[in-house]
Amino acid sequence: MSSASIEMKRAPAPSGMIAIGGKYVDWFDSDVGFRAVPKPQPKAEVSANELAEKTLGMLAETGTAFHDRIAGRLPTGHRMHKAILAELLRNIPYLGTCRIGRVPLRQDGDRISVAEFYVTNFDAKISTQTRHFYNSPKQMLENSSMFFGVGIFADKYGRRLGFDERFGDAGVYFQTKNEVEALYLMASISSGKSIGQLKMLDRNNFNSAKP
């Protein structure tokens, strides 16, 4: 968890999980598609430490690229903070998560309610009932990737105190393998705007750009 303090402003909390259906508009999907995080290929001559270092590097690069892609497209007044943090799964040097960004939502006494967004290089059901997000290593799909958002409580320095289970599915705002869906969900939580409002902004911007 980053040691940087969190800038706190009062804002309404997200209503919970958000479902998106139908065709997405061109706000996000007009760019080159996001590439899944590659999994380093274990080799006999590569130590576990070397493999872990490579995995962390690739995760951090992917998280940074994804944040930079969404940051320039967020509506004015958004509350997304860049908060890159690559971490490996316990005892697995080639699988991990990278935090993309975080959104301070509101003060709760000495705690701050925060939404955090992640990209992974594995696929598994995310749960706040376990310490490491995922539910079971046996149910992981390694040659895959996904995005998810969770609610946490943090102290004023940004250190995680526990999960905020009041919103979404016991604190899990969303989980998806669809890049465009993830971008819209992050944009909605970061800006407080609904998916419909974001689509309308996109249509207006797209139409105004036409000759």
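Basis for what follows: all heavy atoms, side chains included, without hydrogens, waters or symmetry-related copies. By convention here, the first residue in the shown sequence is residue 1.
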Residues Ser113, Arg166; criterion side chain to side chain contact (heavy atoms under 4.5 Å, CB included); working and verdict: CA-CA 10 Å; Ser113 179; Arg166 296 173 297 177; 3.8 Å; yes
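- Going from atom OG of Ser47 over to atom CG of Leu51 covers 8.0 Å, rounded to the nearest 0.5 Å.
- A continuous path of Ile, Leu, Val, Met, Phe, Trp and Tyr side chains, each step under 4.5 Å between heavy atoms, connects Val150 with Leu95, placing both in one hydrophobic cluster.
- Taken to the nearest 0.5 Å, the CZ atom of Phe122 stands 4.5 Å off from the CG atom of Leu89.
- Taking CD1 of Ile100 as the reference point, atom CG of Leu85 lies at 12.0 Å (rounded to 0.5 Å).
- Rounding to the nearest 0.5 Å gives a distance of 6.5 Å between CD1 of Ile189 and OH of Tyr173.
- One finds the CG atom of Leu59 at 13.5 Å from the OH atom of Tyr94 (value rounded to the nearest 0.5 Å).
- Between Phe147 and Asn178, the shortest heavy-atom contact is CD1-O, 4.3 Å.
- To the nearest 0.5 angstrom, Lys82 atom NZ is 12.5 Å from Arg99 atom CZ.
- Residues Phe163 and Thr128 approach most closely at CD1-O, 3.3 Å, considering heavy atoms.
- Between Ser190 and Leu74 the shortest heavy-atom distance is CB-CD2, 4.5 Å.
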With ring pair (Phe, Tyr, Trp, His ring centres under 6.0 Å) as the criterion, how do Phe66 and Phe117 come out once you've worked through the C-alpha distance, each side chain's angles and the decisive distance to 0.1 Å? CA-CA 11 Å; Phe66 196 81; Phe117 309 131; 9.6 Å; no
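- Side-chain atoms of Ser144 and Lys177 form a donor-acceptor pair, as typed in the model, at a separation below 3.5 Å.
- A heavy-atom distance below 4.5 Å is not found between the side chains of Ile112 and Phe153.
- Smallest separation of non-hydrogen atoms from Gln107 and Asp110: NE2-C, 4.1 Å.
- Around CD of Glu53, the count of heavy atoms belonging to other residues, nucleotides or ligands within 6.0 Å does not exceed 12.
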Checking Val114 against Glu116 for the side chain to side chain contact (heavy atoms under 4.5 Å, CB included) test, could you report, in this order, the C-alpha distance in whole Å, the side-chain angles of both residues, the deciding distance, and whether it holds? CA-CA 6 Å; Val114 180; Glu116 293 193 331; 4.1 Å; yes
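- Of all non-hydrogen atoms in Met146 and Asp123, the two that sit nearest each other are SD-OD1, 3.2 Å.
- In this structure, the side chain of Gln175 engages the main chain of Ile126 through a donor-acceptor pair within 3.5 Å.
- The backbone N or O of Met80 lies less than 3.5 Å from a partner atom in the side chain of His78, making a donor-acceptor pair.
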Should Lys54 and Leu56 be marked as a side chain to side chain contact (heavy atoms under 4.5 Å, CB included) after you check the CA-CA gap, both sets of side-chain angles, and the distance that decides it? CA-CA 5 Å; Lys54 290 182 179 180; Leu56 285 172; over 6 Å; no
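- Between Leu88 and Pro93 the shortest heavy-atom distance is CD2-O, 3.8 Å.
- No continuous path of hydrophobic side-chain contacts links Ile70 to Ile84 [ILVMFWY only; heavy atoms under 4.5 Å].
- Using a distance-only test at 3.5 Å, with no hydrogens or angles considered, a donor-acceptor pair links the side chain of Ser188 to the main chain of Lys193.
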Check the pair Arg160, Asp155 against salt bridge (Lys or Arg N to Asp or Glu O under 4.0 Å), reporting the backbone distance first and the verdict last. CA-CA 7 Å; Arg160 183 185 295 129; Asp155 64 17; over 6 Å; no
Are Asp164 and Arg106 close enough, and set up right, to give a salt bridge (Lys or Arg N to Asp or Glu O under 4.0 Å), and what steps lead you there? CA-CA 12 Å; Asp164 184 352; Arg106 67 185 190 186; over 6 Å; no
